[in-house]
Amino acid sequence: MTSDTTASGYPVYALLAPADIPGYLRSRDLLPLLGLPDSDSADGLTVREVSDGNLNRIFLVRRDPDVPGLAVKQALPYVRVHGESWPLTPYRAAAEARAYEHLAAIAPEFTPAFHGYDPGTFTLVLEDVGDLRVLRGATVEGASPGEVGRGIGVFVARLAFATSDFGMPSQDRKRLIAESVNPELCELTEAMILGEPYIEHEHNRNHPAIDPLVKELRADAELRREIGLLRHVFMTKAEALLHGDLHSGSIMVGGPEGNGRIAVIDPEFSFVGPIGFDLGLFWANAFIAAIRADVLGDPALAAEHVAQVGLSWEAFTGEFRRLWPSRVDRIFDDGFLEVFLDGVWRDGLGFAGGEAMRRVIGYAHVPDIDGLPDPEQGRAAARVARLSRALIVRRRDLDTPGDVTALALGDGEPGA
Ligand code: SR1
Ligand code: MG
């Protein structure tokens, strides 16, 4: 190890500050993307830090503050929430860059333009999609989700089909699996979503109103067995390249109603895994949004959020079936397809349960619930936890989006 290398093995690198960004873009010859000549001083650029989430610094760089320019995203060498006490190597930026390259080729209409990766500073430069809104933020403000689920269903189907054994020859697929391994972030997901919430762990927290319920859940042998099965599916089922963190904070939508452009961002958790994981994360956050709306006394909005599950499933299966005749391996026949899709549905329900559960009893909570006043916050947390358990342990009996709608909106006993 040299003095230029950290104890974790990655090179020492400087963290960017807003004042560094114009010079940084100049050094990378990226000023022409902003309509400036290479030789420009870049002094006139405005830089705004919009860092969100736990893992990165993000800067928006514009010539005109009202006209989108470029986004500069740098991986931090730690998880932000605990200061620098939770180290994480910045190599996830390389995983994110790889994922963006695939997304740009497979689903460009759902992806911000990708302008390159700098391995020396673990920094990506992307299209600035700052004129869109983060779906979670829009949801918390009470916006309708519109039909965002349709777009997400098509996005997941395109990515999944193209990078599965149906879209790629077998040897190419093996190379994709090897190139896309993302050990550190997979381990984070295994802990955050499919591990820690089910044991006593210092990372966990919950609303005090659900203390007795949380105790019950951690002593629930059926739940523990099923989360173990889902964890193992996550660890071993290399079906297709995933986004890997497809919650509503990773989806940007155009317009307050969400009916315009959809841009999927932050694919740093990308790896080859079970397709139901991407759908499940999206569904979980639709359920959470629905429960939020319901406890705030807006059942019509709650129904719109839950409807995203059916819309995305319909769009996913529709696009997957449309692509099916182009599959590269004809040993897989139409009978196989039905069994395969059924497996994706049930994996998706289980992972939705895991994702929703961790948002109320694990480490990374969401403002959809934690931003609620009391006593609604405690009631919402209890509903999310009960619904999550039902999705995890009853996923084999829940056959249609209608079945889960009934559960989520409180018609079925476990979610009520
Ligand atoms: C410690 S990181 C917590 C969460 O943030 C990311 O967006 C992932 O969802 C991860 O689980
Ligand atoms: Mg993220």
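Position 1 is the first residue of the sequence, and the numbers go up from there. We count ligands from 1, going down the list as the structure has it; atoms in each ligand are counted the same way.
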Margin query: Can you tell whether the side chains of Glu179 and Arg98 come within less than 4.0 Å, N to carboxylate O?
Written below: no
Margin query: Within ligand 1, which atoms have a heavy atom of Val79 less than 4.0 Å away?
Written below: 1 (C)
Notebook entry, point to check: Would one find an N or O of Arg358, backbone or side chain, under 3.5 Å from an N or O of ligand 1?
Noted result: yes
Note to self: List ligand 1 atoms under 4.0 Å from Asp245, heavy atoms only on the residue side.
What the structure shows: 6 (C), 7 (O), 8 (C), 9 (O)
Notebook entry, point to check: Any chance CD of Glu109 has more than 12 other-residue heavy atoms, nucleotides or ligands included, within less than 6.0 Å?
Noted result: yes
Item checked: Any donor-acceptor N/O pair, Ser8 side chain to Tyr10 backbone, under 3.5 Å -> no
Next item on the list: Examine Tyr363 against ligand 1 and note whether any of their N/O atoms are separated by less than 3.5 Å.
Entry: no
Margin query: Which residue in the set Trp283, Phe320, Phe351, Phe316 passes ring-ring contact (aromatic ring centres under 6.0 Å, His included) when paired with Trp345?
Written below: Trp283
Check: When the ring planes of Trp86 and His203 are compared, do they come out parallel, tilted or perpendicular, using 30° and 60° as the limits?
Finding: parallel
Next item on the list: Using a strict 4.0 Å cut-off to heavy atoms of His247, name the atoms of ligand 1 that fall inside it.
Entry: 7 (O), 9 (O)
Note to self: With heavy-atom distances below 4.0 Å as the criterion, list the atoms of ligand 1 near Phe269.
What the structure shows: 6 (C), 8 (C), 10 (C)
Next item on the list: Please verify whether a non-hydrogen atom of Thr189 lies at under 4.0 Å from ligand 1.
Entry: no
Checklist line | Residues Phe234, Thr189; criterion side-chain contact (heavy atoms from CB on, under 4.5 Å); working and verdict | finding: CA-CA 9 Å; Phe234 179 84; Thr189 297; 3.6 Å; yes
